[in-house]
Each structure stands twice: as structure tokens, then as C-alpha cells.
Amino acid sequence: MNEVLLRLRPIVHATPTDNGLHVRGWRSSFTLDGGRGLWTIWERLAAPLADGVPPEQLAAPKNASPVVARALELLIGQLHEHDLLVEVPAGWGRGGADHPPPDIASWLESVATNPLDSWRRLRATRAEVVGEGALAAAAHRALTATGLDVAPPRPGPGLLLVAGQHAIAAGCAADVGFAVAPGPTAAVLADATAVAERLAGAPGEPPEVLAALVASAAAHRLVCALAGLPDPSTEVVDMWYDVPPSGPPHQAVLVARLDPLRADYHPWLSTARPHNPGGSPLEVLGDAELGPVPTPLPGALPQLPVKLAASGDHIGLGVTEHAARLDALLRSASRLAPPGVLLGADPLHAKGLALRTAARTLPGEPVDEPDWSTDPTARRWWKAVVLRFALPAEVEVTRLAPGVVRAVVRSAGAELSWAVEAEAADAVAFAALAAAGRAQAEQALGAQGDPTPTLLCGAAPLPEPAAAAAPWSNRDWHWPHGLRDTEETLQTSLRALTGEVTPIPLGPVLTAAGLAAFR
């Protein structure tokens, strides 16, 4: 049986501090304080670990003082906890029949849980390259450099790399290239075709530097899949102290461009491999490279008193930039949904919109103005309508049932907005916010907006604002945060008035983005 050694991963670096040391790897880091003597202890520990020591020998010497023994115990424990140590067989890194060349061995030591097992996986499978020109040539070089057995390239469109059950597809136009996520051959080819259509690159042969970048990235993804290593898209960090995410929220596609030369991973809503891991639809539907909806951004739109964002021709409204961007995204994404459907950012939001729509015309009892006008939030947004934008507006407030109130804002006989909430003040605030936002957008754009009355509601998923944690903060500071917490109760009351709502199929793209709709 070959001897096993415990080594410090080559990616690990340490720095002395005024009172100890800081040790960092690729995924994590730690700092120990306890005096400058810690650095001396580290140097004496790191030197043998660089060559490797048997696991049973990685302990404090029996003759060490209690202080030194405790320091060594802490250091070794932290190295294990942060995955900065790796087991390798004796002779690893020196080449040989069953070992990789030194550079490949160092890479596997840095990233693999079991470097020898990963190397054996790489050596056990022959890779195939299908493609032509600079793209195929660069992929063949990259795969060969990792020690794989690679067949000579075969002609074909784009680039397809196959090794065992793993495949990668890529493509490169004159100005943009991409590499899709690894998977079955049929799925990656379908994704590659759809991504190429979405990117719509310029015709012509790709520059060699762009082709080399794309082909090398594709080869890297194939090697990682074959060796049982994390996909490179999960390892992206901006600085050494950034902990990389556990994985992209959706299918990750590398997109590379020229001027300047750059490459980034972008989420892709695959119809060949649909899945819905959750997360914000803003990042996937509105992705600047691969999103099917124009990225919702404030742009040059005015931001007071209402936050505005635009996604194509659609304007979103909200009390925060995030809320406005989400509203714009949902309105823009409606063109991908069945006609007349109100899209929700998640099922709770979608049910809330559908139930409110069903209750829109129900009869009820008028609510007196003092029941809402004393609320600072409702008063703030109503003043924005009638004072800031000087609209000849009026609001009709109706209680449909206990815990269900509707507010409708009209101006010159035309309905501008409406809302249904549990409290009169919230219903008026949402309806007035929407009316003020419409007026603000029309004033900025110099054109009449969508004549359909605007609906905003407390069911939308919004991140918790920092002010919510302050002990002196109240409803006026962070409205409408908190309303979603009572949304289930409101929806129960609405169902008693309108009956149940049923889900509407939205197709794989919108469903994969987490959106939902009910009727």
C-alpha cells in the first residue's frame, strides 16, 4: 500500500500580522492572534507540510511546551477546518507512470478533494474535439496540456468537446464567444444553438485571442466535470477574501467579448435543461448578456418622489430601486406570458395579484377619510398625487370585508390606479404611489403611459431594508416592508370573497426564472 502524505495545498499563503498571522486559501481564510511567536511556529509547521508528512505525525511534539502545543493544535485544526490540507501519495508531483506532471499535480493539489482519484479519472477517458479552425485547435491544445488522451479534431460546426458521459459546447463569432455548462451531448448542443441566437454575434472568423479564451474555458469546464471538480462558474471571486457562491442560481454560460477582452459567467434559462432553484428573477430574466428581458435600470429617469426603472418600453414603480426594477421586469416579461396574465415574482405574489384582481369590482362599504388620512405613509403618497403633481384626483376607499380594503384613484374621470390591502392606509398608499409614479414617468418621458390602471401590492418579495433593524425605526421608515408577512392572512380573506385561483402554465423560461401566475 502506497504511503499517504498530508500536504499544504499550493494555493495556501500566509502573512504575519502584528499579533499573529493570517492564512488564506482559495475558498476561505482565517486569522489567529496570540503574539508574534505564532509566525515562527507557522514557519516550522509549513516547511514540512510543503513536502508532506504522514497524517499521524501531524501533531505537537511531546516535548513541546503547553503554549506551543496549544498554538500548533489551533493551527492544525484551522487548516483542516478550512480545507487547506490535502492527502496525496508519496512521490506525488514528481511524475511517473501513475502520477501527473508537476504542474498538473500542483493544480490538482490546489482544487481536488482527492488529487490521485481526479487524475485517474482524467487518464481513464479519451476526449474528442469536434470543430474547426482556431477554436478547435485551441481546445485540443488545452486538453492535451492537462494530460488527457485527446483524439485529433474532427470537422463540425462550432465546438463540441466530449469525454465519457460529459460534453461541452461552445461557439465564437467575430466579436463574442460562449461556452455552455457541461451535460449530455444533446442538451449542450441545444443550449449552444439557443445561446448563439440570443447573443447574435457578428459574422466572420473569430480573432485568435477570443477563440483561445473561449476554447480554453470550455476545455477547463470539461476537465473539471471529468475529474469530479467543481465547475469553474462556482469558483468565481473578485478578491481573495470573497467567499465564492455555492453555485450559480441557474445554468451558467461563459460569455467572452473583445475591446476589452473579458469573460464572465451569466445565468441562462435553458429550455433543454430547465430547473428552478429559486432566487431573484432580476438576475436571470434581466441579465445583460443572456436575459430574454431588457435589463431593468433607473437610467436617466427621475427618482423622486417615486423610484422608477425601465425595461425596454416598460416603466416600473416602487419606493426603492429594487422594487422599481422588479416591477419593470415583471411588466416587460409579460410579453413572454399568455395574454392578460399578471406575473408574480413568486407564487405568493402571483396569488396575491390574482385574488386582488378577482376582488376589484366587488361591492363594499365606504371608508371614511379619517380612517386613512391620519397615517403618515398614506398621507405622504396622497400629497404627492394632489400637491407634487397637482392632479385633480380623488380616491374612493371601500371595505369589502373585515381585513380587506380597496382603494381606487381617479383623475378627470379616468381610473389611474387601484389597490387591495388589509388596511385602508396601505390600500390608499399603494394606489397613490402608483398614481404618483405614473404622473412622474409621463412628465419625464413627455408621453402618455399605459392607460391600464396600475396595481401595486404588499405581496411582492422585497429585501429587508437596513432601517428595519434600527430600534427607532417604524412603519414610516421602511414601508411596505413587513406587509408580505401578513399576506397569507389577507389572501385567506380574499379567497372567502372570490373563491380559489388556479395556476397558469407559463412555459419553461418564465417558470425557471421563478415567476408564477394564477387566474
Side-chain angles (χ1 to χ4, degrees), residues 278-286 291 293-312 314-334 342-353 356 376-378 380-382 384-385 388 407 409 416-423 425-441 444 449-450 453-469 473-487 490 513-516:
S280 173
L282 278 172
E283 283 69 36
V284 290
L285 280 176
V293 170
T295 306
L297 294 171
L301 292 169
Q303 299 299 302
L304 289 174
V306 182
K307 298 295 184 183
L308 303 180
S311 175
H314 299 270
I315 305 297
L317 322 171
V319 295
T320 65
E321 180 183 324
H322 182 278
R325 292 181 62 218
L326 181 60
D327 187 48
L329 179 97
L330 294 174
R331 297 180 191 282
S332 184
S334 62
L342 290 178
L343 291 177
D346 61 15
L348 183 67
H349 186 204
K351 289 178 186 176
L353 293 171
R356 284 167 170 84
T377 301
R380 171 196 176 190
W381 291 113
W382 184 242
V385 173
R388 176 68 179 263
V409 174
L416 301 181
S417 58
W418 62 282
V420 174
E421 298 294 330
E423 301 292 338
D426 291 322
V428 172
F430 273 118
L433 167 68
R438 287 173 62 110
Q440 182 176 320
D450 186 350
T454 302
L455 168 64
L456 299 176
C457 74
L462 302 176
E464 180 176 348
S473 66
N474 55 34
R475 164 191 167 90
D476 307 329
W477 285 59
H478 49 78
W479 183 90
H481 174 73
L483 291 185
R484 185 173 161 96
D485 296 338
T486 61
E487 179 66 19
L490 173 60
L515 302 193

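Model, not experiment: these values are computed from the prediction.
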Q.
Let me confirm one number: the CZ-CG distance from Arg438 to Leu433, rounded to the nearest 0.5 Å.
A. 12.5 Å
Q) Are Leu330 and His349 side-chain neighbours, meaning at least one heavy-atom pair lies under 4.5 Å? A) yes
Q. Got a donor-acceptor contact below 3.5 angstrom from the Arg356 side chain to the Val420 backbone?
A. yes
Q) Can you list the steps and then say if Leu462 with His322 is a side-chain contact (heavy atoms from CB on, under 4.5 Å)? A) CA-CA 7 Å; Leu462 302 176; His322 182 278; 4.0 Å; yes
Q: State, with a plain yes or no, whether a side-chain heavy atom of Glu487 is found less than 4.5 Å away from one of Leu490.
A: yes
Q: Report yes if some heavy atom in the side chain of Leu353 is under 4.5 Å from a heavy atom in the side chain of Cys457; otherwise report no.
A: yes
Q: Given side-chain contact (heavy atoms from CB on, under 4.5 Å), test Thr454 with Arg331 step by step and report yes or no.
A: CA-CA 11 Å; Thr454 302; Arg331 297 180 191 282; 3.3 Å; yes
Q) So do Trp381 and Pro305 actually touch side chain to side chain, heavy atoms under 4.5 Å? A) yes
Q) So which heavy atom on Trp479 is nearest to which on Val319, and how close? A) O-CG2, 3.6 Å
**Q.** From Leu326 atom CG to Glu321 atom CD, the distance as rounded to the nearest 0.5 Å
**A.** 12.0 Å
Q.
Closer than 3.5 angstrom, by distance alone: can the side chain of Gln440 be matched with the main-chain N or O of Val306 as a donor-acceptor pair?
A. yes
**Q.** Donor-acceptor contact present, side-chain Ser332 to main-chain Leu329, <3.5 Å
**A.** no
**Q.** Shortest non-hydrogen contact between Ile315 and Ala441, atoms and distance
**A.** CG2-CB, 4.1 Å
(Q) So Leu285 and Leu515, do their side chains get closer than 4.5 Å, heavy atoms only? (A) yes
Q | Minimum heavy-atom distance Ala435-Val409, with the two atoms named | A | CB-CG1, 3.9 Å
Q) Are any side-chain N or O atoms of Ser311 and backbone N or O atoms of His314, one a donor and one an acceptor, separated by less than 3.5 Å? A) no
**Q.** N/O donor-acceptor pair under 3.5 Å between Arg484 side chain and Gly458 backbone
**A.** no
Q: Can you see which heavy atom on Ala407 is nearest to which on Ala431, and at what distance?
A: O-CB, 3.9 Å
Q: Identify the heavy atoms of Ala328 and Ala309 that sit nearest to each other, and give their distance.
A: CB-O, 3.6 Å
Q: Measure across Leu456 and Ala419 and return the closest heavy-atom pair with its distance rounded to 0.1 Å.
A: O-CB, 4.0 Å
**Q.** Separation of Lys307 NZ from Leu317 CG (nearest 0.5 Å)
**A.** 13.0 Å
Q | Over 12 foreign heavy atoms within 6.0 Å of CD, Glu423 | A | no
